Asker: 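Sharing a structure below in structure tokens format, with a few things to ask.
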2 protein chains.
Amino acid sequence: MTALKYSRQRESIKHYLMTTDKHPTADQVYMHVKQEFPNISLGTVYRNLNLLTDIGEAVKISTPDGGDRFDGRLEPHNHFLCTKCGRLLDLELDMKSIEEVNRLAAENFDGRITSSSTLFYGECSDCIKKS
Amino acid sequence: MTALKYSRQRESIKHYLMTTDKHPTADQVYMHVKQEFPNISLGTVYRNLNLLTDIGEAVKISTPDGGDRFDGRLEPHNHFLCTKCGRLLDLELDMKSIEEVNRLAAENFDGRITSSSTLFYGECSDCIKKS
DNA sequence: TTAAGTGCAAAGACTTTGCACCTAC
DNA sequence: GTAGGTGCAAAGTCTTTGCACTTAA
């Protein structure tokens, strides 16, 4: 049982995640928070990202390319990964649809589903324009 | 332009992926194929898993815990990750539902969605029994 | 005061790659 | 014969961790 203590670094990381839609990697978070805390270390960033994820104040998103991405948007939502440029975008799918999908999935499954996350693949509008 | 040449090692890897439902990691594939090819190297396994993935004969699944998992089942389907024991299971969701989800997602999105993969989280039946 | 957090650097886990040799075609 | 594949080991990338120091409470 370990009490959570305030830290300016953690607040800064959390604030960044909550105000960006970039789904940054740990390293991108590090680069950003470094502007405010030039001495912060990557280890601290990782520790805090994992801590925030554990207590439900951030979400970790795994993609098939490269390192994990982090998201400070906490409502259930889904993501789109552009297979051309690697950009990860929020993708709206209303709560009702998400619940419906979970319900459908649960029908023939004997475990307990608590959440789901869909990753859509394709080409983002920027990449479509360029081609 | 690089022509694909037959290799017994690659066939063995592919066969293993097609006949197991274990969603093995690269290392687990290595351990298995090693029984048939004692000298095979982990590098070869990775090279072939990536090759198979590239040509669409295997699917790479990223999860928030540990390394990527590989799947030889090619029809669109989804997965369930037990957050207790880490097991990754196939989870049925009929094609129509998948298409419906993709359609819903595409509605308010200006990119092009080509596929989707949903990862469900929760507790598997074995872990429920034990608790 | 003291448990929790930090910075740093070393270690770990996972994956890729260069190279000399081997094999399908 | 030769482009492609393999085994091996070294290198790369991403992440975690031990430790001495700092800080919130």
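All chains are named by letter (A, B, ...) in the order of the sequence lines, taking the proteins before the strands, and each is independently numbered beginning at 1. Everything numeric in this text was worked out from a predicted model, so none of it was measured.
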Asker: Could you work out, with side chain to side chain donor-acceptor pair (under 3.5 Å) as the rule, every residue matching Glu75(B), not counting sequence neighbours?
Answerer: Arg73(B)
Asker: Any side-chain N or O of Ser7(A) below 4.0 angstrom from OP1/OP2 of dA24(D)?
Answerer: no
Asker: Distance-only, no hydrogens or angles: does the Asp71(B) side chain make a donor-acceptor pair with backbone N or O of His23(B) under 3.5 Å?
Answerer: no
Asker: Under 3.5 Å, which donor-acceptor pairs link side chains of residues 124-131 of chain B to any protein atom two or more places apart or in another chain?
Answerer:
residue, atom, partner, partner atom, Å
Asp126(B), OD2, Arg87(B), NH1, 2.9
Ser131(B), OG, Cys127(B), O, 3.4
Ser131(B), OG, Ile128(B), O, 3.1

Asker: Is it the case that dA25(D) (base atoms only) and Lys5(A) (side chain only) share a donor and an acceptor within less than 3.5 Å, ignoring hydrogens and angles?
Answerer: no
Asker: Starting at CG of Leu49(B) and ending at P of dT6(D), how long is that distance when rounded to a whole Å?
Answerer: 11 Å
Asker: Testing the basics here: between Pro64(B) and Asp68(A), what is the closest heavy-atom pair and its distance to 0.1 Å?
Answerer: O-OD2, 4.4 Å
Asker: Hey, what do you get for CD (Gln28(B)) to NZ (Lys22(B)), rounding to the nearest 0.5 Å?
Answerer: 9.0 Å
Asker: Between P on dT23(C) and CZ on Phe37(B), what's the gap in Å once rounded to a whole number?
Answerer: 12 Å
Asker: Roughly what angle, to 10°, lies between the helix axis at the start of the helix from dT1(C)-dA25(D) to dC25(C)-dG1(D) and the one at its end, five pairs per end?
Answerer: 40°
Asker: Between atom CG in Leu4(A) and atom P in dT2(C), what is the gap in whole Å?
Answerer: 21 Å
Asker: In terms of side-chain heavy atoms, does Thr118(A) have a donor or acceptor partner in Thr118(B) at a distance below 3.5 Å?
Answerer: yes
Asker: For the residue pair Tyr30(A) and Ser41(A), what are the closest heavy atoms and their distance?
Answerer: CE1-C, 3.7 Å
Asker: How many Å lie between CG on Asp54(B) and P on dG5(D), as a whole number?
Answerer: 12 Å
Asker: Going by heavy atoms closer than 4.0 Å, what residues in residues 39-48 of chain B are next to DNA chain D?
Answerer: Asn39(B), Ile40(B), Ser41(B), Thr44(B), Arg47(B), Asn48(B)
Asker: Please state how far atom CZ in Arg8(A) lies from atom P in dT22(D), giving the value in whole angstrom units.
Answerer: 14 Å
Asker: Supply the atom-to-atom distance Leu52(B) CG to Arg47(B) CZ, rounded to the nearest 0.5 angstrom.
Answerer: 13.5 Å
Asker: Would you indicate, yes or no, if dT15(D) has its OP1 or OP2 atom less than 4.0 angstrom from a side-chain nitrogen or oxygen of Asn50(A)?
Answerer: no
Asker: Other hydrophobic cluster members with Val59(B), side-chain heavy atoms of Ile/Leu/Val/Met/Phe/Trp/Tyr under 4.5 Å, chained?
Answerer: Ile61(B), Leu74(B), Leu81(B), Leu88(B), Leu119(B), Tyr121(B)
Asker: Roughly how far, to the nearest 0.5 Å, is the CG atom of Asp27(A) from the NZ atom of Lys34(A)?
Answerer: 10.0 Å
Asker: Tell me, which of residues 9-30 of chain B have any heavy atom that sits under 4.0 Å from an atom in DNA chain C?
Answerer: none
Asker: In this structure, how many angstroms lie between the P atom of dC14(C) and the CZ atom of Arg69(B), rounded?
Answerer: 11 Å
Asker: I need the minimum non-hydrogen distance between Gly122(A) and Phe80(A), along with the two atoms involved.
Answerer: C-CZ, 3.4 Å
